[in-house]
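See below for the structure under consideration.
Please read all numbers here as calculations on a predicted model, not as lab measurements.
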Amino acid sequence: MRTKLILSVFGIFAIIGLLLVFQTNPSTQEPEVVVSGADSWMYEIIEPDSSIDPNNIYTFECEIRVKRPEALTTVCADFGWAVWDLKWGKWDAFGGYGEGIYRVNDCEPSCAEGTITATPADVVLTDLTFDGTRYYFNTAKIRFKDKSYDEDVYEFVWDIASFYRESPDMRSPKIYED
């Protein structure tokens, strides 16, 4: 009986401790991220310009720098939701415009046994950055083809550069250099 009482009291204190740690108090929130140094270019969106060579524009497949990718995702571990079989119609500084198949795994009852659904989709790449040598699209906007949308409304807006930005040790310029 004493052991149960001790465990119960310990459990209550553990829960209270967790609540205090995860409490959202403005004085304990993290400050705005300020980036400087070699990677600061990744956060500076630039205005597109018609003089930018389309052959010098890239985007990201997780940590890999690519031109006109065949697939896009923000779930780099398993591509649980992604746009596959991308075909690019337009690729210039003002955006990449392509068509592909959006596939998602419902992971029911598990991801290994889940059902994958596929929907034709349009993809727009935007938010150009410049590293001093190359240009990069950072955002993918996805719409399903069988659905009608208002002008600036998308099914998904993905930050496809986040994995590249947040995992600098995974970048390998020698492997992915042109």
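Looking at heavy atoms from C-beta onward, V123 lies in side-chain contact with W88 at the 4.5 angstrom threshold. For the pair W81 and W158, the minimum side-chain heavy-atom distance is below 4.5 Å. By the 4.5 Å heavy-atom criterion applied to side chains, I46 and T129 are not counted as neighbours. Between R165 and D159 the shortest side-chain heavy-atom distance falls below 4.5 Å. Side-chain contact between I160 and L125 is present, with heavy atoms from C-beta onward closer than 4.5 Å. Residues T139 and V157 form a side-chain contact, since some pair of their non-hydrogen atoms from C-beta on lies under 4.5 Å apart. Contact annotation: the side chain of F94 never approaches that of D49 to less than 4.5 Å [non-hydrogen atoms, C-beta and beyond]. Side-chain contact check for N105 versus T115: every heavy-atom pair is 4.5 Å or farther apart.
Within the 3.5 Å criterion, the main-chain N or O of D152 finds no donor-acceptor partner in the side chain of D150. Using modelled atom types, no side-chain atom of R143 and backbone atom of S148 make a donor-acceptor pair closer than 3.5 Å. In this structure a side-chain-to-backbone donor-acceptor pair under 3.5 Å is missing from D106 to I116.
One finds the CG atom of D131 at 11.5 Å from the CD atom of E44 (value rounded to the nearest 0.5 Å). Between atom CD1 of residue I52 and atom CZ of residue R134 there is a gap of 14.5 Å, rounded to the nearest 0.5 Å. Here OG1 of T59 is found 10.5 Å from CG of L86. Values are rounded to the nearest 0.5 Å. Atoms CG and SG, on D78 and C107 in that order, are 6.5 Å from each other to the nearest 0.5 Å. Between the SG atom in C62 and the CZ atom in F163 there is a gap of 6.0 Å [rounded to 0.5 Å].
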Apply ring pair (Phe, Tyr, Trp, His ring centres under 6.0 Å) to W91 and Y58, showing your working.
CA-CA 10 Å; W91 189 271; Y58 296 76; 8.7 Å; no

Please test Y154 against I142 for side-chain contact (heavy atoms from CB on, under 4.5 Å), starting from the C-alpha separation and ending with a verdict.
CA-CA 6 Å; Y154 294 88; I142 296 121; 6.0 Å; no

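With ring centers used as reference points, F60 lies under 6.0 Å from Y136.
Taking the charged nitrogens against the carboxylate oxygens, K145 and E99 do have a contact shorter than 4.0 Å, which makes a salt bridge.
Under the side chain to side chain donor-acceptor pair (under 3.5 Å) test applied with R103, the options T119, D85, T117 reduce to a single match, D85.
The 12-atom threshold is exceeded at CD of E113, counting heavy atoms of other residues, nucleotides or ligands nearer than 6.0 Å. Heavy atoms from other residues, nucleotides or ligands lying under 6.0 Å from CD of E70 number 12 at most.
Among all heavy-atom pairs drawn from A71 and F79, the shortest one is CB-CE2, 4.2 Å. When all heavy atoms of A161 and N138 are compared, the closest pair comes out as CB-OD1, 3.0 Å. Here the closest non-hydrogen pair linking A82 and T73 is CB-CB, 3.7 Å. Closest approach of A93 and P48 over heavy atoms only: O-CB, 3.1 Å. Across E61 and P69, no two heavy atoms sit closer than the pair OE2-CB, 3.3 Å.
Ring geometry for F144 versus Y102: interplanar angle of 30 to 60°, hence tilted.
No chain of hydrophobic side-chain contacts below 4.5 Å, direct or via other Ile, Leu, Val, Met, Phe, Trp or Tyr residues, connects I45 to Y135.
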